[in-house]
Amino acid sequence: MEKIISKEALSEFLKDGMTLMIGGFLANGTPESLIDFLIEKNVKDLVIICNDTGFPDKGIGRLVVNRQVKKVITSHIGTNSETGRQMNAGEIEVQLIPQGTLVEKIRAAGSGLGGFLTPTGIGTMVEEGKEKILVDGKTYLLELPIKADLALLKGSKVDEKGNIWYNKSTRNFNPVMATAADLVVVEAEEIVKAGEIDPSNVVTPGIFVDYIVKGRG
Amino acid sequence: MEKIISKEALSEFLKDGMTLMIGGFLANGTPESLIDFLIEKNVKDLVIICNDTGFPDKGIGRLVVNRQVKKVITSHIGTNSETGRQMNAGEIEVQLIPQGTLVEKIRAAGSGLGGFLTPTGIGTMVEEGKEKILVDGKTYLLELPIKADLALLKGSKVDEKGNIWYNKSTRNFNPVMATAADLVVVEAEEIVKAGEIDPSNVVTPGIFVDYIVKGRG
Amino acid sequence: MDIRDRIAKRVAKELRDGDVVNLGIGLPTMVANFIPDDVEIHLQSENGFIGMGPIAGEAEVDKDLVNAGGIYVTAKRGAAFFDSTMSFSIIRGGHVDVTVLGALQVDKEGNLANWMIPGKLVPGMGGAMDLVVGAKRVIVAMEHTAKGRAKILEKCTLPLTAKGEVDLIITEMGVMEVTQGGLVLREIASDITIEDIKNATEAELIIDENLKIMEVAE
Amino acid sequence: MDIRDRIAKRVAKELRDGDVVNLGIGLPTMVANFIPDDVEIHLQSENGFIGMGPIAGEAEVDKDLVNAGGIYVTAKRGAAFFDSTMSFSIIRGGHVDVTVLGALQVDKEGNLANWMIPGKLVPGMGGAMDLVVGAKRVIVAMEHTAKGRAKILEKCTLPLTAKGEVDLIITEMGVMEVTQGGLVLREIASDITIEDIKNATEAELIIDENLKIMEVAE
């Protein structure tokens, strides 16, 4: 199975209103070339699951600025004033989730778990509408899985089988998002032959990756 | 803080009746030198959390044969007939847990989660005595965290700060056990200087590791 | 051809190019020997890797590389190692396309018993419960009977591994699919009659109106 | 000495050799500048690493290495990178010894509000809720008042970040510990009176009978 494709071949998978996970943390480890392509194709009404909405000119923020986003499910929007402005104007829906809970919800979906109990958010607005469960005298929130139609990742080195290695802090949400979407596309900074990444150093096994696109670098 | 110590320095931490996690899968990735030491010191009535009880002459099985184990919490005892014999004779308590549930219980403890919902075990003996929770029309078991007093790990390469890299299939339960015990000791096949393991390839961050012991190789 | 080879060979036909597959210990492991050259499957080993190759020859043994049965194996080019949490995220998370396991008992509702015989044999479930619950498709591959006793039952009597998760049963006598309506015989071995297989099966067998001869020819 | 430097310097005295520490954005980040040479602390950055070094100089910038504020930083020898699941296993799992954060409001029960002002400022909680719940010790480091208004209250009025998790409050005026009995003033700045700090604090302050002068001398 050939996984390396051109960006253009992704067109058939893009649909207005779809739910995306996009890797990165304040645009570090975010697949900018794939975002370029979303902008070029101008897919609309996207629901985006992401750590943060980046900056107006960098990362996921560019999709917000271009008004392609209906809703973001995220932990932080403070670095992109446009997200806040659209939220206050009622133009975008923002669902804020504590970062550790967000990443764990994605992991639960990818790992076949029905949910998990976290102490985070107890006694705050975050607990509203959630089931509380007492374990060993301590109260936890039951948090549920969250998944996506399509995950867009950024890998530093990707082999032709889709195995991914991430350099330094670019890893962040990318590996967990690889497990929790129906279709997974990775933007590769560098594409290498199978075996060039030491199998003991692979972070995301290639079985999670459907397609590989060479990034603009 | 100097983390590299001699086995002998571990004596003060060993106590009869303590709960241990020991890494490895059918003795692959099991810290044999640390098991040597447990046998030498003859600590008794141990509760051991482990994937399996290895073989009579290899891995965790040696502690069973030497009658140092009061209870094992494990997914499999089939490769060590002595565990089964002691169980049938009422000499050892065996708690069997599905492998994926066992590893996730350890992770929950290490990750500050109060529990998780798994579909594994529904409709089987495993569900006995456990709370069932319905999410989105599907029934899950609520499984709770499990932790230990002491975790004994095996690392292929360990740097002087305790960062661990595991070769091939020796990784298994080692990284997760590093997160879920009050004290963590790693047996190093090779000890290297800080920085010799590429920081992007470290699997277990050194902050989890209290002590490093050079293995017998 | 050996009975077990016949079963393994038939199971191999169920695997598709690109499938992620976990093969249980014993007969299921033999399935790997019958995969056509033009089909690339990714063997997952629950102790922590994907891309498992054949058993290691004497010169290939690497002390750090065993399969879930503790046997020295090889890894293919492009393999990936991971820890047990990731291994079961893959398994329970629906990322394994097919798992092939043996059974002590299986029944017409797709219930499976393969991990213990109370008072006799209690090896433990290992990763089997997670695999059967998590894999997209569960194939039981086994000899049709045990010492003449039926293993395909109306209702399992041994402690279950999982409830209602088995999709397909492949034995030397035939191929049976678990459906809402019951256990349907899709294929039958060329050397037996419908009566033969019915006699060897406790569960009621619904005969597919398009019943085929099981392809196990060499 | 600048007020903020004074606070950061006093916070630094709370850190012990070997501590795993997460410093929030802003003033807390400055704590790193005042750690004695003989104390080795491990700075955790919630975007995914441990062993964070100083902000990168122009020649040191690595596009693949930023802190949780998106700023290019360096990594110390022996650092380790990981993904966000591991980062929050570390944080929520009690493996962070000390977290230092700023506050909009904090109260005598240890409640903290630092993530939103309804209708005005809604940046989101990021990792703050997990940090405050998970860290063994939570230190709030901030200026004592905001434009003359008290920030240390009887009861927070803004939406909480976490309930009852704050252990210590360090401002330019003093060091206050949250105890079962209430908020205890342990140290006071040398240039103010007890009356001064009481006037700047809405919460009732219990004066430690061994009240000390806050060590912020240069």
Side-chain angles (χ1 to χ4, degrees), chain B residues 23-29 51-55 58-59 72 74-81 83-84 87-88 94-104 106-107 110-111 118-127 156 166-179 189 203-204, chain C residues 25 45-49 52 62-75 79-94 109-113 115-116 118-134 156 158-165:
Chain B
F25 192 115
L26 292 178
N28 187 244
N51 177 65
D52 58 79
T53 55
F55 306 95
K58 212 174 154 195
V72 282
T74 189
S75 78
H76 202 266
I77 61 170
T79 54
N80 185 348
S81 57
T83 312
M87 178 178 68
N88 290 333
V94 175
Q95 185 181 350
L96 290 168
I97 298 181
Q99 202 167 113
T101 299
L102 179 60
V103 74
E104 200 68 19
I106 298 169
R107 180 179 183 274
S111 301
T118 180
T120 303
I122 287 286
T124 76
M125 281 168 54
V126 168
E127 73 174 39
S156 303
Y166 306 90
N167 192 36
K168 303 198 172 91
S169 64
T170 64
R171 198 181 312 185
N172 54 68
F173 274 67
N174 284 297
V176 74
M177 286 176 169
T179 69
E189 191 159 323
V203 177
T204 296
Chain C
I25 293 170
S45 190
E46 67 263 32
N47 58 321
F49 63 113
M52 181 163 58
D62 178 334
K63 72 170 178 46
D64 289 345
L65 179 46
V66 300
N67 67 12
I71 308 296
Y72 293 116
V73 291
T74 54
F81 293 95
F82 34 76
D83 78 343
S84 297
T85 62
M86 173 57 102
S87 189
F88 284 85
S89 288
I90 291 172
I91 287 171
R92 204 181 35 228
E109 291 167 16
N111 298 320
L112 170 67
W115 74 280
M116 76 172 286
K120 267 183 146 173
L121 180 75
V122 191
M125 66 292 278
M129 287 193 178
D130 300 283
L131 272 163
V132 176
V133 167
C156 290
L158 292 172
L160 296 185
T161 303
K163 205 171 166 212
E165 297 284 353

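Note: hydrogens, waters and symmetry copies are ignored here, and every other heavy atom, side chains too, is used.
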For B:Thr120, the option from C:Thr161, C:Asp130, C:Val132, C:Ile91 that meets side-chain contact (heavy atoms from CB on, under 4.5 Å):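 The side-chain contact (heavy atoms from CB on, under 4.5 Å) with B:Thr120 is passed solely by C:Asp130 among C:Thr161, C:Asp130, C:Val132, C:Ile91.
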Please give me the minimum heavy-atom distance between [X] and [Y], naming the atom from each residue.
X        : Y        : result
B:Gly123 : C:Leu160 : O-CD1, 3.6 Å
C:Val122 : B:Leu96  : CG1-CD1, 3.7 Å
C:Arg92  : B:Pro119 : CD-CD, 4.1 Å
C:Met129 : B:Pro98  : SD-CG, 3.8 Å
C:Pro159 : B:Met125 : CB-SD, 3.6 Å

Residues that B:Thr101 engages under side-chain hydrogen bond (donor to acceptor under 3.5 Å, both in side chains), provided they are two or more places apart: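 None.
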Contact leader toward chain B among C:Ala113, C:Pro123, C:Gly127, where contacts are heavy-atom pairs under 4.5 Å: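 The option with the most such pairs is C:Pro123.
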Which of C:Phe81, C:Trp115, C:Phe82 touches chain B most, by non-hydrogen pairs under 4.5 Å: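 Of the candidates given, the most pairs with chain B belong to C:Phe81.
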Test item: B:Arg171 and C:Met86 side chains (from C-beta on) under 4.5 Å apart, heavy atoms: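 Result no, sub-4.5 Å side-chain heavy-atom pair not found.
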Measure distances from [X] to the heavy atoms of chain C and classify the residue's part below 4.5 Å as side chain, backbone, both or neither.
X        : value
B:Ile106 : neither
B:Ile122 : backbone
B:Leu26  : side chain

Flag, side chain of B:Ser169 to backbone of C:Val66, donor-acceptor distance under 3.5 Å: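 Yes, B:Ser169 side chain to C:Val66 backbone: donor-acceptor pair under 3.5 Å.
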Sidechain-backbone polar pair: B:Asn167 side chain, C:Asp64 backbone, donor-acceptor under 3.5 Å: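 A pair under 3.5 Å: no.
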Using a cut-off of under 4.5 Å for heavy-atom pairs, which of [options] has the most such pairs with chain C?
options                             : answer
B:Val103, B:Asn172, B:Ile77         : B:Asn172
B:Val126, B:Ile97, B:Thr53, B:Thr83 : B:Ile97
B:Met87, B:Gln99, B:Arg107          : B:Gln99

Interface moiety of C:Ala68 toward chain B, non-hydrogen atoms closer than 4.5 Å: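 Contact with chain B: backbone and side chain both.
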Region of C:Ser87 in contact with chain B, defined by heavy-atom distances below 4.5 Å: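 Contact with chain B involves no heavy atom of C:Ser87 at all.
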Salt bridge (Lys or Arg N to Asp or Glu O under 4.0 Å) involving B:Lys168 - partner list, sequence neighbours excluded: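 Applying salt bridge (Lys or Arg N to Asp or Glu O under 4.0 Å) to B:Lys168 gives C:Asp62.
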Sidechain N-carboxylate O distance under 4.0 Å for B:Glu127, C:Lys163: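 Not counted as a salt bridge, because no side-chain N and carboxylate O are separated by less than 4.0 Å.
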